[in-house]
Visitor: 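Quick one: the structure is below, questions incoming.
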Amino acid sequence: MSCEVTVARDLRGALLALARPGAPTQVLAGGTDLMVELRTGRARPERVVDVWKLDELRGVRAEAAGLRIGALATCAELRRDPRVAHGAALVAQACAEVGAEQIQARATLGGNLGTASPAADLNPALVALGARVRLVSLQGSRELDCEEFLAGYRRTLRRPDELVESVLVPTRPAGERCGLRKVGTRRAQSISKLVVALALSVEGQRIASLRAAAGSVGPRTLRLSALEGALLGAPLELAALRAAARRSAHDDIAPIDDVRSSASYRRQAFARVLATLLGELTGASACPS
Ligand SMILES: Cc1cc2nc3c(=O)[nH]c(=O)nc-3n(C[C@H](O)[C@H](O)[C@H](O)COP(=O)(O)OP(=O)(O)OC[C@H]3O[C@@H](n4cnc5c(N)ncnc54)[C@H](O)[C@@H]3O)c2cc1C
């Protein structure tokens with residue numbers, strides 16, 4: 001099947017192409033997802049708008065509310081950007097887990113959001129950080145929480161005439177501790193069996209704030225609300241951390257059997273990985289039995 005490809009030279013050109021009525025149109029950024037979809041026939045757009053050359057969607061800049069990251073920022077760029085290391089370290093950690101170096105050179109933040117795969121590695125980091133996505137169209141722009149934007153299995157709240165322009169990672173609170181763990185078949189080029197991202201702070205001997213998200217354990221990137229509820233204000237006791245992780249494995253996630261893993265393995269591994277990460281970040285040494 002052939003399709004019409006428009007190589008956009010500027011943002012307005014891209015938005016005009018997306019606003020054309022009629023045939024289904026798909027955005028092409030780094031192409032690491034879309035080219036596979038086209039090759040296998042899972043995506044059959046009649047038109048493709050290639051946005052790779054749009055400088056308006058690139059770059060990282062500090063704003064009053066936080067760090068704004070352009071949709072076309074690649075994992076390779078984000079891994080080595082000192083502003084990201086400072087203002088969105090969890091995103092840099094997640095980027096290091098994506099594919100291998102060749103994929104990281106092309107895989108973009110906007111593409112991870114656009115695909116909305118439940119197994120995506122960057123999206124749990126964005127949700128744990130309370131990041132917001134900015135969408136632009138000829139009508140203007142709007143912002144949504146990434147958590148809300150990632151509405152379902154490979155489904156987002158993006159309208160067909162909109163582009164993901166950028167993501168805002170809110171300014172991090174002083175002393176915040178962040179961590180991400182991915183379980184895959186091997187170190188590189190493996191899609192997650194599960195991925196967990198946490199951002200928390202500790203005051204005295206208690207957890208003062210916590211946002212948590214996970215991937216590959218449900219139909220979309222999931223916020224771990226039961227975990228957050230159980231641990232907010234909780235003392236830094238190993239038993240409490242382990243119990244909350246087990247409860248989260250029961251209440252927060254809905255894993256399935258698929259080619260990468262079984263639901264029961266995912267549930268068990270999730271509870272262990274989560275308890276260990278909580279232990280590391282809070283300073284307690286968790287070795288769940
Ligand atoms: C070998 C291999 C290994 C991989 N490993 C991982 C991994 O470990 N972890 C992981 O998370 N992912 C992995 N991926 C998937 C992929 O690399 C990521 O999802 C990547 O972030 C996609 O970015 P992209 O720029 O290549 O997206 P594209 O393929 O260009 O686009 C992906 C989707 O998003 C839409 N889109 C892209 N940009 C925009 C935009 N600005 N506005 C609106 N819609 C947009 C497209 O229309 C398309 O639907 C892997 C892929 C391959 C081929």
Side-chain angles (χ1 to χ4, degrees), residues 3 5-8 11 14-15 17-18 24-40 42-45 47-58 69-79 91 93-127 133-137 141-142 144 146 149-150 153-167 180-195 197 213-216 220-221 260:
C3 67
V5 179
T6 302
V7 179
L11 181 57
L15 296 180
L18 285 176
T25 304
Q26 195 126 19
V27 177
L28 174 68
T32 59
D33 275 321
L34 186 59
M35 295 309 289
V36 177
E37 298 283 299
L38 292 174
R39 177 67 61 104
T40 57
R42 285 196 296 263
R44 295 172 180 275
R47 298 194 300 233
V48 166
V49 180
D50 180 350
V51 298
W52 184 252
K53 291 191 164 66
L54 298 189
D55 287 339
E56 296 98 320
L57 303 188
R58 293 200 178 279
I69 303 175
L72 285 180
T74 65
C75 290
E77 289 163 354
L78 294 171
R79 280 188 71 179
V91 173
Q93 272 189 52
C95 287
E97 299 290 346
V98 170
E101 284 190 15
Q102 298 89 335
I103 293 294
Q104 290 172 15
R106 292 285 298 193
T108 66
L109 187 65
N112 216 251
L113 280 165
T115 299
S117 162
D121 289 322
L122 306 191
N123 296 340
L126 295 176
V127 171
V133 57
R134 179 181 286 169
L135 300 156
V136 290
S137 70
S141 68
R142 62 183 178 127
L144 297 172
C146 289
F149 177 74
L150 298 164
Y153 178 75
R154 293 181 176 269
R155 188 168 64 78
T156 73
L157 295 189
R158 183 181 80 86
R159 294 194 316 260
D161 65 330
E162 288 180 313
L163 267 180
V164 174
E165 187 240 52
S166 61
V167 166
L180 179 138
R181 292 291 179 277
K182 168 172 173 170
V183 177
T185 308
R186 53 184 186 269
R187 281 293 300 139
Q189 298 290 32
S190 77
I191 304 295
S192 293
K193 291 175 192 280
L194 67 94
V195 55
S216 268
R220 63 189 176 104
T221 299
R260 290 193 302 282

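Counting convention: from 1, in listed order, for ligands and their atoms alike.
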Visitor: Just which atoms of ligand 1 are under 4.0 Å from any heavy atom in E97?
Guide: 8 (O)

Visitor: Using side-chain contact (heavy atoms from CB on, under 4.5 Å) as the criterion, point out the one residue from R159, E162, E165 that pairs with L135.
Guide: E162

Visitor: Need the ligand 1 atom indices (1-based, order shown) with element for anything under 4.0 Å from a heavy-atom of R158.
Guide: 43 (C), 44 (N)

Visitor: Keeping Q104 on the side-chain end and G99 on the backbone end, is there a donor-acceptor pair under 3.5 Å?
Guide: no

Visitor: Of the side chain and backbone of V51, name the one, both, or neither that has a heavy atom under 4.0 Å from an atom of ligand 1.
Guide: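 Looking at V51 and ligand 1, no heavy atom falls under 4.0 Å.
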
Visitor: Any idea which part of L34 is under 4.0 Å from ligand 1, heavy-atom wise: side chain, backbone, both or neither?
Guide: both

Visitor: S117 side chain to A119 main-chain N or O, any donor-acceptor pair under 3.5 Å?
Guide: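 Side chain of S117 to backbone of A119, a donor-acceptor pair under 3.5 Å: yes, one is there.
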
Visitor: Is there a nitrogen or oxygen of G31 sitting under 3.5 Å from a nitrogen or oxygen of ligand 1?
Guide: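 Yes.
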
Visitor: Checking the side chain of R106 only, and the main-chain atoms of G30 only, is there a donor and an acceptor separated by less than 3.5 Å?
Guide: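 A pair under 3.5 Å: yes.
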
Visitor: Whether the side chain of R58 engages the backbone of W52 through a donor-acceptor N/O pair (distance < 3.5 Å, no angle test) should be reported.
Guide: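 Checked: pair present.
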
Visitor: Within ligand 1, which atoms have a heavy atom of A120 less than 4.0 Å away?
Guide: 11 (O)

Visitor: So if I count the atoms of ligand 1 from 1 in the order they appear, which ones are less than 4.0 Å from some heavy atom of A29?
Guide: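 Once the distances to A29 are compared, the set is 25 (O), 30 (O), 37 (C), 38 (N).
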
Visitor: Heavy-atom distances under 4.0 Å are what count here, so tell me which part of E165 touches ligand 1: side chain, backbone, both or neither.
Guide: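 The answer is neither.
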
Visitor: Should one rank T115, V36, T32, D121 by closest heavy-atom distance to atom 20 (C) of ligand 1, which comes out on top?
Guide: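 Selected option, by shortest heavy-atom distance: T32.
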
Visitor: For D33, counting its heavy atoms only, list the atoms of ligand 1 lying under 4.0 Å from any of them.
Guide: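 Once the distances to D33 are compared, the set is 15 (C), 16 (C), 18 (C), 19 (O), 20 (C), 22 (C), 26 (O), 29 (O), 32 (C).
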
Visitor: For ligand 1, which atoms sit closer than 4.0 Å to a heavy atom of G114?
Guide: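 The atoms of ligand 1 under 4.0 Å from a heavy atom of G114 are 33 (C), 34 (O), 35 (C).
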
Visitor: Number the atoms of ligand 1 from 1 as they appear, then name those within less than 4.0 Å of a heavy atom of G30, with their elements.
Guide: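 Selected atoms, number and element: 24 (P), 25 (O), 26 (O), 30 (O).
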
Visitor: Report, in ascending order of atom number, the atoms of ligand 1 lying under 4.0 Å from any heavy atom of K182.
Guide: 7 (C), 8 (O)

Visitor: Test your reading of the model: is there a side-chain donor-acceptor pair from E97 to the backbone of K182, 3.5 Å cut-off?
Guide: no

Visitor: Between S216 (side chain only) and S192 (backbone N and O only), is there a donor and an acceptor less than 3.5 Å apart?
Guide: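 A pair under 3.5 Å: yes.
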
Visitor: Taking side-chain contact (heavy atoms from CB on, under 4.5 Å) as the criterion, tell me which of V167, N123, T32 meets it with N112.
Guide: N123

